[in-house]
There are 4 protein chains.
Amino acid sequence: MNSRSAAAALISETGRGTKAAILNAALAAFGEKGFNGASTRDVAAGAGTSLSNLYNYFPSKSHLLAELLQRANDELLNRTSAAVQAAGDDPADRMREAVKAYVGFVVDHQTAALVAISEIRYLHGEHRERIVRARDSTQAIFGEIIAEGVAQGRFTTPYPDGAARNIVSMCSAISTWYRAGGRLSRKALAEQHARYALALLETRD
Amino acid sequence: MNSRSAAAALISETGRGTKAAILNAALAAFGEKGFNGASTRDVAAGAGTSLSNLYNYFPSKSHLLAELLQRANDELLNRTSAAVQAAGDDPADRMREAVKAYVGFVVDHQTAALVAISEIRYLHGEHRERIVRARDSTQAIFGEIIAEGVAQGRFTTPYPDGAARNIVSMCSAISTWYRAGGRLSRKALAEQHARYALALLETRD
Amino acid sequence: MNSRSAAAALISETGRGTKAAILNAALAAFGEKGFNGASTRDVAAGAGTSLSNLYNYFPSKSHLLAELLQRANDELLNRTSAAVQAAGDDPADRMREAVKAYVGFVVDHQTAALVAISEIRYLHGEHRERIVRARDSTQAIFGEIIAEGVAQGRFTTPYPDGAARNIVSMCSAISTWYRAGGRLSRKALAEQHARYALALLETRD
Amino acid sequence: MNSRSAAAALISETGRGTKAAILNAALAAFGEKGFNGASTRDVAAGAGTSLSNLYNYFPSKSHLLAELLQRANDELLNRTSAAVQAAGDDPADRMREAVKAYVGFVVDHQTAALVAISEIRYLHGEHRERIVRARDSTQAIFGEIIAEGVAQGRFTTPYPDGAARNIVSMCSAISTWYRAGGRLSRKALAEQHARYALALLETRD
DNA sequence: CATGAATGAGTCTTCATTCAT
DNA sequence: GATGAATGAAGACTCATTCAT
């Protein structure tokens, strides 16, 4: 499965072995059945280990989800901020690169992106707050670019305040329908959404 | 709670008494804990009836979800198509009204809108297909307006094909963050999103 | 089993049917294996019902223990205070009757008496406090008799303060070794311990 | 904690290092949660070693309990018989010293005393028999003194047969309520219980 | 319509113990 | 001696659902 292997990439960058296998299996299971629909047995079986051994690595099912979401949000934040920093000063350029980085992440780690938006509601307490913080940091990048662009007269939308949320929404929604090997290439998808974003902001040349 | 009472409105339009109470309780429960996180006991307790009596009205938990989603999607489809029909011929006007109708639905039935997008994945078989059909019909309205607008040169986006999905995405995502009594009024929210939609389509006067 | 039927008497005084069967099974299981050593499955099996049905009657294993101990302590308190009230004014007579009532309870409900002293440590919070209160009330009866007897010069022990605890200790310890049908009759056992108690208090004629 | 350090003394008299640490941790854990309520993980953690290393010292959890109880009963038997031997010929003196030795043990090793009476029921087979033997030996010392005293007309109780059990009961019950630093000193407690014992036996001068 | 009692399969998690290193 | 990884069985408890009344 494509999403599996992409996720594997996300996770095995930081570790191999049983722990990585468990994280990958959890990602697949949560992606397929949802956090509450997937059982710890599903996860253990998917990881090729025993149910009890899973608890040598993660103290609870929630910790599993938390670590998954933390990794996904960290990776997304890293990619997006790196892309923006590599872009020049022009807010439109910066926005374009931000969108392309975001879309790239969603395509590369589709299941992780899907789980990140749909299962975060099942985290509570500190776990949740930590992840929400990371997620908000990513959205803040878009917000800052928009503020700059508006200040410079580059973006002329009368509603700059809700724009970041909508742009991010559009990008992450890709995770809900995208199928690898479909009509649109990764690159085309990124270009398309960058264009939507700039249009939505009413960018003027 | 606002979402509760709004949801109640959605449901009691078509029924009073225990069945409506069950549907409302199910909506509240699924909205708060997700389909798999909410138990039939939660639902029965919320409806103020016995667990077993619930099965006199719905043969299974899935049927409950299906009926909920059917009603929500029907209402959304009705509102949207009515709004479009009431609008004139101009694709921009039609799009504006469609978006406003959609946003209005999300605000009026926030929990139902939220459950409709996040829990449909837990329906299977015929139930699912029926609901997906209704959902697609709604999106098709937007697609048709876009096609008209592009044909008439009113919308100049180079990517008309993905636009409907993104506009609908933006509108339904409101259900994930909107809080009644917040900064934006129902009307302002509708205006704003209508503007985003037209901008995204690169509408020209 | 003798302890079983005695316990049954304690419980069926207040109820018949599944709930009583569960309480009796719990008493037998906790008596035989201890609270932590007995499983809820043991209890359900002993009651001839399913594990899950047990939870229709008691919300948790702890509640089961709490109800058991409450009933035992209530019965013990009732018997003891009734016996004391029926006795005359003489502190020695009152003490004698109190001890005989206590011993009678231990013999009649040996398992309940055993569980009451050995498993109360596994109750926590409010459950525990409620039971401790009942237990202390019983001991207080002995304490008051001792205080009267000392005031009247009937009991001459130089250590009246610890005496109640020790007398109660002796009585309840019977539950740890008594076997029905043994050398001592119920009545002889009661006489014997009454004599021990009066001797310990250094009663003078 | 006093009981901890006292227990430590009991154990480290015969061993230092990891094995003693494990025994001490087991004593603390069994004392706090009971044999079935404490896990081998609790014990290992309390001893500051790994769970698997515990099995290098004790082949099973039961062996741990058995060794604990053996040591406790041995120490109690040694103290008691030594005290009796050091006492003169008078049965009353001998009884007084026996009780004082017993009470002294309970105070010095409160947790061990508590575990010895409350957890022996979780031992089976040979383990149990060995410990029961030691325990009975201790009680037999009291029984013999009583027999002597009765023969000499020093003890006039009409029920000499159950007296040893009750005296021992009273002494060991101290472990269930005593708190170091409380109202009664170790010495006062011993005197008090010696007096109770002699009174119970109806000792005459 | 409505209910209380019942159940078998399943939930997450912990258990005592083993084994390769 | 010491450890981290592993496991099968069992722990308490909840699930969606059924049935007799």
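Reminder, nothing fancy here: chain letters follow the sequence lines and each chain counts from 1.
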Quiz item: For DNA chain F, what is the dot-bracket line, given that a base pair needs Watson-Crick (N1 to N3, plus N6-O4 or O6-N4) or G-U wobble (N1-O2 and O6-N3) geometry with both distances under 3.5 Å, and | means paired with another strand?
Solution: .||||||||||||||||||||
Looking at every heavy atom in both [X] and [Y], which two are closest together, and how far apart are they?
| X | Y | result |
| --- | --- | --- |
| D:His127 | D:Leu123 | CB-CD2, 4.1 Å |
| C:Thr40 | C:Tyr55 | CG2-OH, 3.6 Å |
| D:Glu119 | D:Leu69 | C-CD1, 4.5 Å |
| B:Arg135 | B:Ile120 | NH1-CD1, 4.2 Å |
| B:Asn73 | B:Ala134 | CB-CB, 3.8 Å |
| A:Ala25 | A:Gly46 | CB-C, 3.5 Å |

Quiz item: Which part of the nucleic acid, if any, lies within reach of B:Ala38 when heavy atoms closer than 4.0 Å are counted: base, sugar-phosphate only, or nothing?
Solution: sugar-phosphate
Exercise. Identify whether any heavy atom of A:Thr40 sits under 4.0 Å from a base atom; if not, whether one sits that close to sugar-phosphate; answer base, sugar-phosphate or nothing.
Key: base
Quiz item: Could you give all pairs that pass the salt bridge (Lys or Arg N to Asp or Glu O under 4.0 Å) test and reach residues 45-59 of chain D, with sequence neighbours left out?
Solution: none
Practice problem: Would you check if the side chain of B:Asn53 reaches a backbone N or O of B:Thr49 as a donor-acceptor pair within less than 3.5 Å? | Solution: no
Quiz item: Is there side-chain contact between A:His124 and A:Glu129, with heavy atoms separated by less than 4.5 Å?
Solution: no
Return a table of donor-acceptor pairs under 3.5 angstrom between the side chains of residues 58-66 of chain D and protein atoms on other chains or two or more places apart.
{"from": "D:Ser60", "atom 1": "OG", "to": "D:Ser62", "atom 2": "N", "distance (Å)": "3.2"}
{"from": "D:Ser60", "atom 1": "OG", "to": "D:His63", "atom 2": "N", "distance (Å)": "3.2"}
{"from": "D:Ser60", "atom 1": "OG", "to": "D:His63", "atom 2": "ND1", "distance (Å)": "2.9"}
{"from": "D:Lys61", "atom 1": "NZ", "to": "D:Phe35", "atom 2": "O", "distance (Å)": "2.7"}
{"from": "D:Lys61", "atom 1": "NZ", "to": "D:Ala38", "atom 2": "O", "distance (Å)": "2.8"}

Check nucleotides 3-7 of chain E against the protein and report each pair of N or O atoms closer than 3.5 Å, with its distance, or say if there are none.
{"from": "E:dT3", "atom 1": "OP2", "to": "B:Thr49", "atom 2": "OG1", "distance (Å)": "2.9"}
{"from": "E:dT3", "atom 1": "OP2", "to": "B:Ser50", "atom 2": "N", "distance (Å)": "3.2"}
{"from": "E:dT3", "atom 1": "OP2", "to": "B:Ser50", "atom 2": "OG", "distance (Å)": "3.3"}
{"from": "E:dG4", "atom 1": "N7", "to": "B:Ser52", "atom 2": "OG", "distance (Å)": "3.0"}
{"from": "E:dG4", "atom 1": "O6", "to": "B:Ser52", "atom 2": "OG", "distance (Å)": "2.5"}
{"from": "E:dA6", "atom 1": "OP1", "to": "C:Thr18", "atom 2": "OG1", "distance (Å)": "3.1"}
{"from": "E:dA6", "atom 1": "OP2", "to": "C:Asn53", "atom 2": "ND2", "distance (Å)": "2.8"}
{"from": "E:dA6", "atom 1": "OP2", "to": "C:Tyr57", "atom 2": "OH", "distance (Å)": "2.4"}
{"from": "E:dA6", "atom 1": "O5'", "to": "C:Asn53", "atom 2": "ND2", "distance (Å)": "3.1"}
{"from": "E:dA6", "atom 1": "N7", "to": "C:Asn56", "atom 2": "ND2", "distance (Å)": "3.0"}
{"from": "E:dT7", "atom 1": "OP2", "to": "C:Thr49", "atom 2": "OG1", "distance (Å)": "3.0"}
{"from": "E:dT7", "atom 1": "OP2", "to": "C:Ser50", "atom 2": "N", "distance (Å)": "3.1"}
{"from": "E:dT7", "atom 1": "OP2", "to": "C:Ser50", "atom 2": "OG", "distance (Å)": "3.1"}

Whole Å only: how far is the [atom1] atom of [X] from the [atom2] atom of [N]?
| X | N | atom1 | atom2 | answer |
| --- | --- | --- | --- | --- |
| D:Phe58 | F:dG1 | CZ | C1' | 14 Å |
| B:Lys19 | E:dA2 | NZ | P | 13 Å |
| A:Tyr55 | E:dA16 | OH | P | 17 Å |

Quiz item: Between B:Gly37 and C:Asp42, which has a closest nucleotide on DNA chain F that is more 5'?
Solution: C:Asp42
Self-check item: Strand-adjacent residues in residues 61-69 of chain B, judged by heavy atoms under 4.0 Å from DNA chain F
Solution: B:Lys61
Quiz item: Is there any side-chain hydrogen bond (donor to acceptor under 3.5 Å, both in side chains) pair reaching into residues 27-36 of chain B, and which pairs are they, with sequence neighbours excluded?
Solution: B:Lys33-B:Asp42
